[in-house]
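Structure record follows, encoded as structure tokens.
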Amino acid sequence: MAEVHVIGQIIGATGFSESSLFCKWGIHTGAAWKLLSGVREGQTQVDTPQVGDMAYWSHPIDLHFATKGLQGWPRLHLQVWSQDSFGRCQLAGYGFCHVPSSPGTHQLDCPTWRPLGSWREQLARAFVGGGPQLLHADTIYSGADRYRLHTAAGGTVRLELGLLLRHFDRYGVEC
């Protein structure tokens with residue numbers, strides 16, 4: 001089977017109106033993909049920027065996949081959350097990006113968005129916190145349902161991913 005190694009980090013996030021940010025992440029693949037080593041999901045620590053608006057996480061990602069086909073190429077889904085002084089968490093943005101398909105080191109900027117909800121939910125979010133969230137996480141990267149939502153732009157998550165491909169030439173795939 002062909003193999004893909006994804007080695008890198010979630011560097012941090014910028015452009016969010018909230019501070020004290022952390023990120024929940026996961027990787028989604030098709031049925032032909034098998035995770036040989038690494039973890040499919042994780043969470044960064046909370047960072048409150050002191051200078052500038054970049055929250056730094058430097059959270060490692062180390063995944064090793066085996067695959068029978070290219071369909072269902074891996075994609076990262078991200079949820080950025082903010083934490084207030086009372087420890088309450090509220091959603092700051094959802095985002096996803098495809099793992100690059102060429103070997104080497106790649107810098108990725110993943111834009112995020114969040115559901116707006118009704119005017120009452122927006123008002124409650126401003127004064128009490130919380131706000132609307134997605135019921136199904138796969139809506140983050142599925143096309144049809146996502147485009148019907150009323151959303152607000154969030155910030156951007158910066159990633160650095162290194163890709164190693166192995167045995168793709170044996171299966172007729174040119175890189």
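In this text, all values refer to a predicted model and were calculated from it rather than measured experimentally.
Looking at Ser58 and Gln9, their side chains come closer than 4.5 Å, going by heavy atoms from C-beta outward. Here the side chains of Leu159 and Cys97 are in contact, with some heavy-atom distance below 4.5 Å. Proximity of His59 to Trp25: side-chain heavy atoms (C-beta onward) are separated by under 4.5 Å at one or more points.
With Gln79 contributing its side chain and His77 its backbone, the two residues share no donor-acceptor pair below 3.5 Å. No donor-acceptor distance shorter than 3.5 angstrom exists from the side chain of Ser82 to the backbone of Ala92, with no hydrogens or angles considered. Of the possible donor and acceptor atoms, one in the side chain of Asp53 sits under 3.5 Å from a partner among the backbone N and O of Gly15.
Here the closest non-hydrogen pair linking Gln83 and Val46 is OE1-CG2, 3.5 Å. Heavy-atom minimum distance, Leu91 versus Pro115: CD2-CD, 4.0 Å. Among all heavy-atom pairs drawn from Ala13 and Trp57, the shortest one is CB-CH2, 3.5 Å. When all heavy atoms are compared, the tightest approach of Cys23 to Leu78 is SG-CD2, 4.0 Å. For the residue pair Pro103 and Leu165, the shortest heavy atom distance occurs at CD-CD1, 3.8 Å. Pairing each heavy atom of Gln45 with each of Tyr56, the nearest pair is NE2-O, 3.6 Å.
Distance CE/Met54 to OG1/Thr156: 9.5 Å, rounded to 0.5 Å. Atom-to-atom distance recorded for Leu63:CG and Thr29:OG1 is 10.0 Å, nearest 0.5 angstrom. Between the CZ atom of Phe22 and the CD1 atom of Ile10 there is a distance of 12.5 Å, given to the nearest 0.5 Å.
Note: Trp33 and Phe65 have perpendicular aromatic rings, judged against thresholds of 30 and 60 degrees for the angle between ring planes.
In this structure, Leu108 is a member of the same hydrophobic cluster as Leu163, with clusters built from ILVMFWY side-chain heavy atoms closer than 4.5 Å.
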